[in-house]
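For reference, the structure discussed in these notes is given below.
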There are 2 protein chains.
Amino acid sequence: MVESKIELDAADIAILRVLQTEGRISNVDLAKRVNLSPPATLARQKRLEKQGLIDRFVAVLNRYKTGHDTLSFIQLTLSLHQHQQIHDILDRIVAMPEVLECHNVTGEYDYLLKVILKNTQALEAFISQKLIPMPGIARLHTSLVLKEYKSSMVLDLDEP
Amino acid sequence: MVESKIELDAADIAILRVLQTEGRISNVDLAKRVNLSPPATLARQKRLEKQGLIDRFVAVLNRYKTGHDTLSFIQLTLSLHQHQQIHDILDRIVAMPEVLECHNVTGEYDYLLKVILKNTQALEAFISQKLIPMPGIARLHTSLVLKEYKSSMVLDLDEP
DNA sequence: GTTGAAATATATGACGT
DNA sequence: ACGTCATATATTTCAAC
């Protein structure tokens with residue numbers, strides 16, 4: 001199933017803009033911010049959730065304070081050429097809690113993984129004990145993040 | 001300032017695990033889930049926010065339904081070697097709403113950007129009109145995401 | 001979509017363990 | 001540090017316009 005764009009009016013966009021940065025704002029405060037009445041605001045928010053435009057609400061943690069000091073991007077190329085084999089490998093990779101993102105990309109390598117671990121020792125163990133032993137890993141390149149300048153999930157919503 | 005790990009007990013971890021996927025759960029429901037009383041749960045959550053362990057609460061949107069069909073990773077190498085020049089360029093990149101992430105990384109290129117745009121035309125315009133004209137962009141490589149297998153911000157918290 | 005009122009659920013403080 | 005209970009507050013939700 002292909003998900004397609006849903007048309008939004010100015011009030012929807014105002015609501016989504018606020019909720020993207022203040023996910024726990026109360027409906028009455030949100031209503032004030034978007035210049036609508038609380039019932040109208042709540043009805044719109046519920047509709048946006050039902051439409052799947054709002055996927056979920058989450059708490060964003062500070063990874064340094066949880067002890068996750070090592071962020072890295074791992075590029076992979078798979079050697080398997082049967083669809084089922086590739087699918088199985090990807091299922092296993094996606095199920096790993098250390099892997100926060102997994103994308104099929106264009107370029108020199110086929111897959112890009114965003115991996116968060118406690119330290120470089122844990123990263124080395126992850127690569128050598130969990131990734132390398134998997135069948136079909138043809139090439140692998142690790143980039144360590146030295147400094148994170150920006151990390152956001154906020155989509156840029158423009159006026160209708 | 002270097003942020004360092006904060007020690008968490010089993011109840012803290014239980015609370016953070018729930019809030020990472022259900023950011024809008026009520027305190028009474030959260031208390032039931034972690035087997036604590038509502039006041040104890042609320043006090044812990046407030047403490048975790050005050051400690052900065054919980055950075056913020058956000059709504060996660062479905063990018064396809066907002067019309068953001070094109071996700072890409074752009075690798076950059078800067079040719080400027082004065083700290084101030086590099087700092088200025090990074091400030092401008094980080095301020096761009098299309099750029100969701102910006103990291104200084106090890107490897108062939110120095111910076112990795114995660115960029116979300118409406119379509120490939122908008123990506124082409126972004127690269128040719130906003131990135132390339134900046135001084136000091138020595139090398140640039142774009143990887144288009146063909147398929148997103150996993151996209152999460154959930155940190156893997158293990159028992160104390 | 002708005003206003004206002006009522007019902008419900010929630011957070012929060014006091015006290016005892 | 002936690003649980004229970006009571007109170008005050010905030011929120012949702014309904015009805016009328």
Side-chain angles (χ1 to χ4, degrees), chain A residues 5-62 64-67 153-155 157-160, chain B residues 3-62 65-67 153-160:
Chain A
K5 184 171 157 68
I6 292 173
E7 291 306 322
L8 302 169
D9 65 15
D12 289 334
I13 288 170
I15 289 168
L16 293 174
R17 279 186 178 153
V18 173
L19 290 177
Q20 281 195 102
T21 54
E22 295 167 62
R24 271 209 142 170
I25 191 172
S26 74
N27 186 58
V28 290
D29 289 342
L30 178 58
K32 287 172 196 162
R33 291 277 292 276
V34 303
N35 297 315
L36 239 66
S37 70
T41 306
L42 187 65
R44 278 173 179 272
Q45 185 182 321
K46 293 290 175 208
R47 195 200 71 228
L48 291 166
E49 290 178 43
K50 195 167 188 175
Q51 288 177 317
L53 231 132
I54 298 174
D55 192 57
R56 61 193 189 277
F57 290 91
V58 302
V60 178
L61 307 188
N62 182 321
Y64 300 105
K65 297 193 177 177
T66 58
M153 296 205 71
V154 176
L155 297 180
L157 306 173
D158 37 41
E159 313 298 337
Chain B
E3 301 190 273
S4 56
K5 183 171 156 71
I6 293 172
E7 291 305 322
L8 302 169
D9 65 15
D12 289 334
I13 288 170
I15 289 168
L16 293 175
R17 279 186 177 153
V18 173
L19 290 177
Q20 280 195 101
T21 53
E22 294 167 60
R24 271 207 139 170
I25 191 172
S26 75
N27 186 58
V28 289
D29 288 343
L30 178 58
K32 287 173 196 162
R33 290 277 293 276
V34 302
N35 297 315
L36 241 64
S37 70
T41 306
L42 188 64
R44 279 173 178 272
Q45 186 182 322
K46 294 290 175 206
R47 195 199 73 230
L48 292 167
E49 290 178 44
K50 195 168 187 175
Q51 288 176 317
L53 230 133
I54 298 175
D55 191 59
R56 60 192 189 278
F57 290 91
V58 303
V60 178
L61 308 189
N62 180 322
K65 297 194 176 177
T66 58
M153 297 205 72
V154 176
L155 297 179
D156 184 31
L157 306 173
D158 38 40
E159 313 297 336

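Letters A, B, ... mirror the listed sequences (proteins, then strands); counts begin at 1. Quick caveat: nothing in here was measured; it's all calculated off a predicted structure.
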Q | Exercise: identify the closest heavy-atom pair between A:Pro38 and A:Asn27 | A | O-ND2, 2.9 Å
**Q.** Atom-pair distance (CG on B:Asp29; P on C:dA9), nearest Å
**A.** 11 Å
Q) What is the distance, rounded to the nearest whole Å, between atom CD1 of B:Ile25 and atom C1' of C:dT10? A) 14 Å
Q. Can a side chain N or O of A:Ser26 be found less than 4.0 Å away from OP1 or OP2 on D:dA10?
A. no
Q: List in numerical order all residues of residues 42-60 of chain A for which some heavy atom is under 4.0 Å away from an atom belonging to DNA chain C.
A: A:Arg44
Q | Salt bridge A:Asp12-A:Arg17, side-chain N to carboxylate O under 4.0 Å | A | no
Q | Residue pair B:Lys5 / A:Gly67: nearest heavy atoms and the distance that separates them | A | CD-CA, 3.8 Å
List, with names and distances, any nitrogen or oxygen atoms from the protein found under 3.5 Å away from nitrogen or oxygen atoms belonging to nucleotides 3-5 of chain D.
from, atom 1, to, atom 2, distance (Å)
D:dG3, OP2, B:Ser37, N, 2.7
D:dG3, OP2, B:Ser37, OG, 2.7

Q) Is any NZ, NE, NH1 or NH2 atom of the basic residue among A:Arg33 and A:Glu22 found under 4.0 Å from an Asp or Glu carboxylate oxygen of the other? A) yes
Q.
Can you confirm whether A:Lys46 is buried at NZ, in the sense that more than 12 heavy atoms of other residues, nucleotides or ligands lie under 6.0 Å from that atom?
A. no
(Q) Looking at B:Asp29 and B:Arg24, is there a salt bridge between them, counting it only when a charged N and a carboxylate O are closer than 4.0 Å? (A) no
Q. Between D:dT12 and A:Asn27, is there an OP1 or OP2 to side-chain N/O distance shorter than 4.0 Å?
A. yes
Q: May I ask you to decide whether B:Asp55 forms a salt bridge with A:Lys65, counting only side-chain N to carboxylate O separations under 4.0 Å?
A: no
